[in-house]
Amino acid sequence: MKYKKIALMTLLNKNLLLGICFIGSLVFVSCSGKTKTEEKTTETTKTEEGEEGIELTQAQIDAVGIQFGTIELKNLTQVIKASGELAVPPQNRADVNVLVGGVIRKIFVIEGQSVKKGQALALIENADLVSIQQGYLTAKNAFSYTAAELQRQKELDEANAGIKKKLQEAQANYNTEKARITTLEAQLRQLGINPAAVSNGNIATQVRVSAPISGTVGHIMVNTGASAQPGSPLLEIIDNSQIHCDLTVFEKDLFKVKAGQKVIFTLTNQENREITGRVYGVNKSFENESKGIIVHSIIENPSAYKLIPGMYVTALISIGSEQVTALPVEAVVQSEGKSYIFVVDEEAKETVEKKKEPKESESKEEKKEDDEMKESNGKTYRFKMVEVITGVSELGYIKITPAGENIGKLQVVVKGANYILSKIKAGGEEEE
């Protein structure tokens, strides 16, 4: 009986020990889960902070070739922003008309075709042309009689057998008929008819319409068989060799613009390609009620570009130089439509260094791991994004103005900023 009691007590002690171990394991698992959750929360917090900054080791900086610098004062060209459109001088744009009405029998050109001055564009038929040529032939015959009569009166006068009055009448008739023939010949030439051909009996029933200038055929307003009337254009010709830009400059900037200043044009339809030019004239009156003045600018080497009158352009007019705060162009990055630079966050750097100090509670393995990390990475930098407002750029530098905080003389990333931006964006994607 005594041995049975001892065995029972031993069994109870074993069960109690097992229960205590089971409860301890539950507590351990619970604590371990809490630690992992806390660590996960810490990582998430770092990622959220990483939206504005990122940490890089010295090894990463050396590998990528990131370089530091400070904001500098540079003499950059001061500009005025303006907008406008391309145009051609009035002497380089022609509306083709006819002097007499008629029916269009042929059209020799198509829209977009290049033509030379004097080239035939269309053929017009008009019955009145015959009457004009008939009048010319009649005048020519009458002039022959008048010339002969004048010659006879001169001979009689030389022989003292004539009458002065008849000689004077013959001279007056001669001058009148000659003026009439000269007028009719000029009229025939205007119509495109050769007077000599008419004199030889070649009567034209059709006249051709010739190009008044060289250029490109624009819109053709008529077709074959249509009626052509004086004052109604048949087509237009545009010569783009003298194309220029008409920019609108407002009153506040008017007195800064002068002839000879450099202009940089940007065409939206040519992938923002920059074209250079010069100011050659400024209007002396406002356009309507806009309080804007038209500034005329020539374009250097316009034939190298596909320019068409009416194209919309934006332009920068150089009006001098000014000393501004600037950075190299590659120091500025674009993100979500805004401009940013990266500066070394000294406060964050100190916090990170203090955070990495070994704790007494750390195990030997954790301390060893931290030491190995420090040895492999070396010095650690933390960078933060600072929004800036950009201005004119020249000779590899761009004007910058901090949008918020004062940067002062902080170290700025002048090379490798795009790499840092890509690392930040990559971190954000991994978090998502």
Derivation of the side chain to side chain donor-acceptor pair (under 3.5 Å) call for Asp62 and Gln58:
CA-CA 6 Å; Asp62 294 338; Gln58 186 66 51; 2.9 Å; yes
Judged by atom type as modelled, is there a donor-acceptor pair below 3.5 Å linking the side chain of [X] to the main-chain atoms of [Y]?
X: Ser144; Y: Lys140; value: yes
X: Asn200; Y: Asn202; value: no
X: Gln153; Y: Gln171; value: no
X: Arg278; Y: Gly260; value: yes
X: Gln60; Y: Thr57; value: yes

For the residue pair His244 and Tyr280, categorise the inter-ring angle as parallel (less than 30°), tilted (30 to 60°) or perpendicular (more than 60°).
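His244 vs Tyr280 ring planes: perpendicular.
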Out of Arg208, Arg105, Lys106, which residue meets the salt bridge (Lys or Arg N to Asp or Glu O under 4.0 Å) rule with Glu125?
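Between Glu125 and the candidates, salt bridge (Lys or Arg N to Asp or Glu O under 4.0 Å) is satisfied uniquely by Arg105.
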Assess the side chains of Gln119 and Ser210: does a donor N or O sit below 3.5 Å from an acceptor N or O?
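No, Ser210 and Gln119 have no side-chain donor paired with an acceptor closer than 3.5 Å.
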Can Thr276 and Glu300 be counted as having a side-chain donor-acceptor contact under 3.5 angstrom?
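Yes.
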Does Tyr145 OH have over 12 foreign heavy atoms under 6.0 Å away?
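Atom OH in Tyr145 is not crowded, with 12 or fewer foreign heavy atoms closer than 6.0 Å.
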N-O pairing of Lys166 and Glu169 below 4.0 Å:
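Looking at Lys166 and Glu169, the cut-off is not met.
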Any salt bridge between Glu330 and Lys415, counting N to O under 4.0 Å?
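No salt bridge links Glu330 with Lys415.
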Would a line drawn from the ring center of Phe342 to the ring center of Tyr381 be shorter than 6.0 Å?
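Not under 6.0 Å, so no.
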Quick check: closest heavy atoms across Tyr312 and Ser83, and the distance to 0.1 Å?
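Closest approach of Tyr312 to Ser83, heavy atoms only: OH-CB, 3.1 Å.
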Measuring from atom CD1 of Ile400 to atom CG of Leu327, what distance do you get when rounded to the nearest 0.5 angstrom?
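The CG atom of Leu327 is 4.5 Å from CD1 of Ile400, to the nearest 0.5 Å.
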Ring pair (Phe, Tyr, Trp, His ring centres under 6.0 Å) contacts touching residues 183-227 (sequence neighbours left out)
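Every candidate ring pair (Phe, Tyr, Trp, His ring centres under 6.0 Å) pair involving residues 183-227 fails, so no pair, neighbours aside, qualifies.
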Side chain to side chain donor-acceptor pair (under 3.5 Å) assessment of Ser339 paired with Gln334:
CA-CA 5 Å; Ser339 300; Gln334 303 295 323; 3.0 Å; yes
Asn283 and side-chain contact (heavy atoms from CB on, under 4.5 Å): which partner among Leu254, Asp246, Ile293, Val249?
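Going through the options one by one, the only one that passes is Ile293.
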